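Reviewing the structure listed below.
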Amino acid sequence: MTLLTTPKTAVRLAGTGRPLREHLFKIALVASLVIALGFLALVLYSMVAKGLGRFDSRLWENMPSIRRPEAAGAQSAITGTMWLVGLTAVMALPTGILAAIYLEEYADRTRWYNRVIELNIQNLAAIPSIIYGILALGVIARVLGLGFGVLTGAMALSLLVLPIVIIAAREAIRAVPPSIREGSLALGATRWQTIYRQVLPAAIPGIATGAILALSRAIGEAAPLIVLGAATFVPFNPSSVFDRFSALPVQIYFWITQSREEFHLLAAAAIVILLALLLLMNSAAILLRNRYQRRH
Amino acid sequence: MERSSRAAAAPGMRLGRSRPRYGESVVKAVLLLAALVSIATTVGIIASLLSPTIEFFAEVDMVEFVTGTSWGPGFTPPAFGVLPLVVSTVVITLIAVVVAVPLGLLAAIHLSEYASARVRKVVKPTLEVLAGIPTVVLGFFALTVVTPFLREWTPFEVSFKNGLSAGIVVGIMIIPLVASLAEDAMSAVPYGLREGAYALGSSRMVTSLRVVFPAALSGIIAGVILAVSRAFGETMIVVVAAGSNPSLTANPLQEMVTFASYIAQAASGDIPVGSTVYKAVFAVGSLLFVTTFVLNYLSARIVRRFREVYE
């Protein structure tokens, strides 16, 4: 047949064989992306539109109030979130990075226990966040006796984001070329010297990206804190790690469950703060990663 | 891992070692300890769930739990039939899947097979931002935007809190997960397969749907299962938008209470420690944990088989 003799004809055939279906498919593809991104825009727009009218200094200067929504603010929730993020960073980041170093640089994958650790981390990454609340309630608060303070909340969040930190740090460490390690070892450095002086500095941008994403996840998480009873009314800032606390997402939930419309406006205003903070952190993480990826 | 075992066996290292380095073993022990925190977490989760669950089933008949059609631990007399929670959880997960899988997969095909590098570079991070929105915010969105829309624009009798609105928004939440995992799977398909298809005269659509998609299918299925697991355990959206009165119904226009949303509601209320109601929270938690564990395991199994094919 002459049909397939010249590549030019073949290409044209491929293009014109089923023009309508091809076009419809392409339209469906573009539409799916537009819808997905449209939802994102709609969420952001609806929250800002609702919350902007109440977005003023009362929000961070005043304490929550049940009776007077016009005077209520979210100061205790904002400071609570700061405590939580700080403690989570101190606990989850070192643990996660050290665990990642172990798995990438030391663990022998043929050993069963190392495979168990790996599978276990994968599974923990996909466990519902509310289960971490149950863990904190049953073990950390009651059995360890740490109570229902900000430390218990931060420990629950730390365990929740630990898999994220480990997975991101492992990827960053794996991306460091083996030749760097070999060069360092050849010059007589020990294994740990090689890791500390060569591998970790090279992996820092990737680790930092993972760390920011993990902390932003911790900032937005409400479910485990609600199980710990953080949703109750807390009109004071925590002054020690054992004090009861509130957090921004928990305060938002508390306001959403109130029936008066003023509280819904307040919730929307607090959401604007939360989203602004998270968008800032996520964009920083993504920018960092893009810059780092370009160099390799 | 090949790399580290090679380094360990390198004869050069042994030659250069002049004295024992105790610090090195201490470092390794500390690192292993950090890795064991994750094991301790799993052990802790199982420990915290197991004993109240066992105590719960000493007080409540397991047959009543599995077959009972009414859930009301606070009622007099209390009712412990878990079926209403099961049906609600499954219905909301199904709605989420119906929303997220078509949209997520089409978006993934677009990103992997059609989009230019420039479009991909903008769209992928934007989807990640969508994935980063706190679920309590999405719950508020469901309650204040989606539900009023459904009440206004659909002919159905939609109650103020309902499973449909929650399910749709849970679906929106998992779109980025489905899209990014499916896109990873499709990008990993060797380019030779596409070139072969084009050489045989296939169009782009045929190549995408008949060659790349089937080749990536196991990875895509694993991603979808992971997304289902995420939807199954989603708490805040459901707790805010789907209500708090459990009833045995598959009608998503009514209030629905899932495993996760029941745990959140019960635990945030005042329940006496050690009471049957308190233990019921842990029993439902066990159910949620076991189900998501099985789903995650299934997904990991499928991913491992998929990896063997292409490496």
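Proteins come first, then strands; the chains are lettered A, B, ... in the order of their sequence lines, and each starts at number 1. Any value given below was found using the heavy atoms of this structure, including those in side chains, with hydrogens, waters and symmetry copies removed. Note that the coordinates shown come from a computational prediction; the quantities given were computed from them, not determined experimentally.
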Side chain, backbone, both or neither of B:I175 within contact of chain A (heavy atoms, under 4.5 Å)
side chain
How about A:L278 and B:I133: do any of their side-chain heavy atoms sit closer than 4.5 Å?
no
How many angstroms lie between atom CG of B:L36 and atom OH of A:Y113, to the nearest 0.5 angstrom?
10.0 Å
How long is the gap from NE2 on B:H110 to CG on A:L33, to the nearest 0.5 Å?
5.5 Å
When heavy-atom pairs shorter than 4.5 Å are enumerated against chain A, which of B:V273, B:L226, B:L295 gives the highest number?
B:V273
Kindly compute the distance separating CG (A:L44) from CZ (B:F141), expressed to the nearest 0.5 Å.
9.5 Å
Using a 4.5 Å cut-off on heavy atoms from C-beta on, say whether the side chain of B:Y297 contacts that of A:N123.
no
Heavy-atom side-chain proximity of A:V43 to B:V145 below 4.5 angstrom:
no
Hey, does B:Y114 have a side-chain heavy atom less than 4.5 Å from the side chain of A:F25?
yes
Are A:Y253 and B:V239 packed together at the side-chain level, in the sense that at least one heavy-atom pair is separated by less than 4.5 angstrom?
yes
Might you point out which heavy atoms bring B:E24 and A:Q193 nearest each other, and give the distance in Å?
OE2-N, 4.2 Å
What part of A:A285 gets closer than 4.5 Å to chain B, counting heavy atoms only: side chain, backbone, both or neither?
neither
Do the non-hydrogen side-chain atoms of B:F140 and A:I271 ever get within less than 4.5 Å of each other?
yes
Does A:S32 use its side chain to pair, donor to acceptor, with the backbone of B:A107 at less than 3.5 Å?
yes
Tell me, for A:L274 versus chain B, whether the close heavy atoms (under 4.5 Å) come from the side chain, the backbone, both or neither.
side chain
Could you report the tightest heavy-atom contact between A:I134 and B:V281, atom names first, then the distance?
CD1-O, 4.3 Å
Supply the atom-to-atom distance B:I263 CD1 to A:I226 CD1, rounded to the nearest 0.5 angstrom.
12.5 Å
If I compare all heavy atoms of B:S48 with all of A:L135, which pair ends up nearest, and what's the gap?
OG-CA, 3.8 Å
Among B:T144, B:V137, B:V240, the one residue meeting side chain to side chain contact (heavy atoms under 4.5 Å, CB included) with A:I256:
B:V240
For the residue pair A:R191 and B:V27, establish whether any side-chain heavy-atom pair is separated by less than 4.5 Å.
no
Top residue by heavy-atom pair count (under 4.5 Å) with chain B, among A:V116, A:N282, A:I117, A:I195?
A:I117
Check whether A:V143 gets within reach of chain B through its side chain, its backbone, both or neither, counting any heavy atom under 4.5 Å.
neither
Calculate, to the nearest 0.5 Å, the distance between atoms CG and CE belonging to B:L138 and A:M47 respectively.
8.0 Å
Does any part of the side chain of A:I130, heavy atoms only, come nearer than 4.5 Å to the side chain of B:L288, both counted from C-beta?
yes
Main-chain N/O of B:S38 paired with A:N120 side-chain donor or acceptor, under 3.5 Å:
yes
Can you tell which part of A:I286 gets under 4.5 Å to a heavy atom of chain B, answering side chain, backbone, both or neither?
side chain
Report which part of B:L200 has an atom under 4.5 Å of a heavy atom belonging to chain A: side chain, backbone, both, or neither.
neither
Give, for atom OG1 of A:T95 and atom CG of B:L31, the distance between the pair rounded to the nearest 0.5 Å.
11.5 Å
